[in-house]
Protein chains: 2
Amino acid sequence: MAAKKTFGQTIRDLRKAMTPPLTQRELAERVAARMREEDRRGFDFTYLSKIENDRLPPPSAAAIIALAEELGGDRDDLLALADKAPADLGSEMKKSEGARTFFRSAVNENLSEEEWHKLLDSLKRIKNRREE
Amino acid sequence: MAAKKTFGQTIRDLRKAMTPPLTQRELAERVAARMREEDRRGFDFTYLSKIENDRLPPPSAAAIIALAEELGGDRDDLLALADKAPADLGSEMKKSEGARTFFRSAVNENLSEEEWHKLLDSLKRIKNRREE
DNA sequence: TCTCGTGTTGACTCTCAACTCAACAATGGC
DNA sequence: GCCATTGTTGAGTTGAGAGTCAACACGAGA
């Protein structure tokens with residue numbers, strides 16, 4: 001099994017794999033432009049440099065999503081690499097009573113990996129039903 | 001349907017319903033004692049006062065749990081009232097790859113209340129299957 | 001009336017995440 | 001050799017969350 005790439009390495013590889021390759025300045029500029037529409041935070045190329053070298057932890061979820069969009073990477077994969085799950089949970093839980101109830105029950109049940117997998121299947125079925 | 005009590009009102013009512021009723025100073029002191037074992041933060045009675053009057057948002061999850069324990073309230077109910085994720089959700093996410101994957105997908109799908117409800121049904125079915 | 005216990009308030013502090021800024025180093029074309 | 005582009009680094013900033021502290025208000029009893 002190949003050693004898992006770090007978040008920073010992954011971003012750097014994606015950036016260089018673009019045609020044409022982007023510089024840190026270009027990428028950071030584009031990500032910043034995307035982010036300013038949704039969020040109030042910026043994204044400086046020097047920050048990107050540190051992230052690519054894993055000298056700082058991965059950026060905010062908003063920044064990761066903007067990166068994924070600019071680089072054509074998979075947004076979920078990048079979020080997972082950055083271990084950002086609990087952050088997004090908060091906002092979803094605020095919006096949705098159903099989400100709160102569900103997660104409280106799920107955690108209380110102490111599910112196994114297999115059972116989480118079954119739930120994921122249920123989710124996929126719900127999603128497909130919607131798209132029909 | 002009775003109007004939902006705020007977090008602050010709920011805490012105040014629980015505090016006064018104790019036998020004997022606690023003062024803000026007493027309760028805050030006990031909560032602080034409990035918290036210092038787990039956490040590094042304190043809990044001042046003037047902070048409690050503001051919380052009971054809903055002049056500040058509910059405290060940290062650790063403080064809410066300590067409050068629930070001192071007051072004999074239901075910990076998950078209080079957490080839900082405060083719009084906080086269940087306390088152990090964070091650790092659940094760290095432990096379980098399946099939980100992370102499921103959660104990421106669920107949040108990205110932006111589910112409706114009804115869809116969350118369907119998921120809860122799936123969860124119940126899984127749980128029942130286990131108990132047979 | 002004094003003061004004790006209890007509750008309230010405004011201003012301040014502390015910490016952390018998520019960045020920004022100024023300066024400098026390395027590399028490659030001219 | 002010069003300088004333009006690209007990347008790196010340490011120090012500093014900013015905003016939000018989670019409280020703390022000093023001071024004051026108010027009613028009940030001695």
Side-chain angles (χ1 to χ4, degrees), chain A residues 6-9 11-18 20-36 38-67 78-79 82-91 93-94, chain B residues 6-9 11-18 20-36 38-67 78-79 82-85 87 90:
Chain A
T6 66
F7 183 83
Q9 287 168 342
I11 294 295
R12 193 190 293 263
D13 290 353
L14 284 171
R15 176 171 65 82
K16 295 199 166 162
M18 295 289 282
L22 298 177
T23 67
Q24 288 179 342
R25 281 159 228 250
E26 280 166 343
L27 175 55
E29 180 52 44
R30 294 185 190 181
V31 167
R34 261 181 203 274
M35 281 179 68
R36 273 189 250 287
E38 306 262 306
D39 202 297
R40 267 156 212 157
R41 314 198 61 71
F43 198 82
D44 192 78
F45 70 96
T46 67
Y47 185 38
L48 176 57
S49 172
K50 282 166 223 184
I51 285 166
E52 286 191 355
N53 291 297
D54 298 302
R55 305 186 43 94
L56 288 180
S60 66
I64 292 174
I65 288 166
L67 278 166
L78 288 177
L79 284 169
D83 228 350
K84 277 296 177 187
D88 300 15
L89 180 62
S91 61
M93 297 288 256
K94 283 212 169 72
Chain B
T6 65
F7 182 83
Q9 287 168 343
I11 295 296
R12 193 191 293 264
D13 290 353
L14 284 171
R15 176 170 64 82
K16 295 201 164 160
M18 295 290 282
L22 298 177
T23 67
Q24 288 179 343
R25 280 161 229 251
E26 281 168 343
L27 176 54
E29 181 50 44
R30 294 186 190 180
V31 167
R34 260 181 204 274
M35 281 179 66
R36 273 190 248 288
E38 305 263 306
D39 202 297
R40 267 156 211 159
R41 314 198 63 70
F43 199 82
D44 191 78
F45 70 95
T46 68
Y47 185 38
L48 176 56
S49 173
K50 283 167 225 183
I51 285 166
E52 287 192 353
N53 292 296
D54 298 302
R55 304 186 42 91
L56 288 181
S60 66
I64 292 175
I65 288 165
L67 279 167
L78 286 178
L79 285 169
D83 255 352
K84 303 259 181 192

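Each chain gets a letter, A, B and so on, in the order its sequence line appears, and its residues count up from 1. Only heavy atoms go into these numbers, but all of them, side chains included; no hydrogens, no water, no symmetry mates.
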If you check the A/Ala63 side chain, which of C/dC19, D/dT8, C/dT6 turns out closest? C/dC19
Would you indicate what B/Ser49 reaches in the nucleic acid, counting non-hydrogen atoms under 4.0 angstrom: base, sugar-phosphate, or nothing? base
Within the 4.0 Å heavy-atom criterion, would you say B/Ser60 contacts the bases, only the backbone, or no part of the nucleic acid? sugar-phosphate
Residue list, side chain to side chain contact (heavy atoms under 4.5 Å, CB included) with B/Arg36, at least two apart or on another chain: B/Ala32
Hey, does B/Leu14 have a side-chain heavy atom less than 4.5 Å from the side chain of B/Leu67? no
Can a side chain N or O of A/Arg15 be found less than 4.0 Å away from OP1 or OP2 on D/dT6? no
Checking contacts here: which listed nucleotide (C/dG10, C/dC19, C/dT6) is nearest the side-chain heavy atoms of B/Arg55? C/dG10
For the helix from C/dT1-D/dA30 to C/dC30-D/dG1, measure the angle between the helix axis at one end and the axis at the other, each built from five pairs, rounding to 10°. 30°
Here the distance between atom P of C/dA18 and atom CZ of A/Phe7, to the nearest Å, is 12 Å
Between the protein and nucleotides 25-30 of chain D, list the N/O to N/O atom pairs that are separated by less than 3.5 angstrom.
none

Spacing between A/Phe43 atom CZ and C/dA18 atom P, to the nearest angstrom: 12 Å
Who are the salt bridge (charged side-chain N to carboxylate O under 4.0 Å, His left out) partners of A/Glu52, not counting sequence neighbours? A/Arg12, A/Arg15
Just the rounded figure in Å: distance from C1' of D/dT6 to CG of A/Leu27. 14 Å
Just by protein heavy atoms under 4.0 Å, how would nucleotides 21-30 of chain C read 5' to 3' in B, S and -? BB--------
Using whole Å, what does the distance between atom P of nucleotide C/dT15 and atom CZ of B/Arg41 come to? 9 Å
Results of side chain to side chain contact (heavy atoms under 4.5 Å, CB included) for A/Arg25 - residues two or more places apart only: A/Thr23, A/Phe45
Applying ring pair (Phe, Tyr, Trp, His ring centres under 6.0 Å) to A/Tyr47 and not counting sequence neighbours gives A/Phe43
Here the distance between atom P of D/dG17 and atom CD1 of B/Ile51, to the nearest Å, is 14 Å
Rounding to an integer number of Å, can you tell me how far B/Ile11 CD1 sits from C/dT8 P? 14 Å
CG/A/Leu22 to NZ/A/Lys16 distance, rounded to the nearest 0.5 angstrom? 12.0 Å
So if I take every side-chain heavy atom of A/Met35 and compare against C/dG10, C/dC19, D/dG19, which nucleotide ends up nearest? C/dC19
Would you please name every residue forming a salt bridge (charged side-chain N to carboxylate O under 4.0 Å, His left out) with A/Asp54, sequence neighbours left out? none
Which residues pass the side chain to side chain donor-acceptor pair (under 3.5 Å) test with A/Ser60, sequence neighbours left out? none
Is any side-chain heavy atom of A/Pro59 closer than 4.5 Å to a side-chain heavy atom of A/Ile51? yes
Sequence neighbours left out, what passes salt bridge (charged side-chain N to carboxylate O under 4.0 Å, His left out) with B/Arg30? Give chain and number order. B/Glu70
In whole angstrom, what separates B/Leu56's CG from D/dG19's P? 10 Å
Distance check needed: C/dG10 P versus B/Asn53 CG, whole Å only. 11 Å
By side chain to side chain donor-acceptor pair (under 3.5 Å), which residues pair with B/Thr46, not counting sequence neighbours? B/Asp44
CD1/B/Ile11 to CG/B/Leu78 distance, rounded to the nearest 0.5 angstrom? 5.0 Å
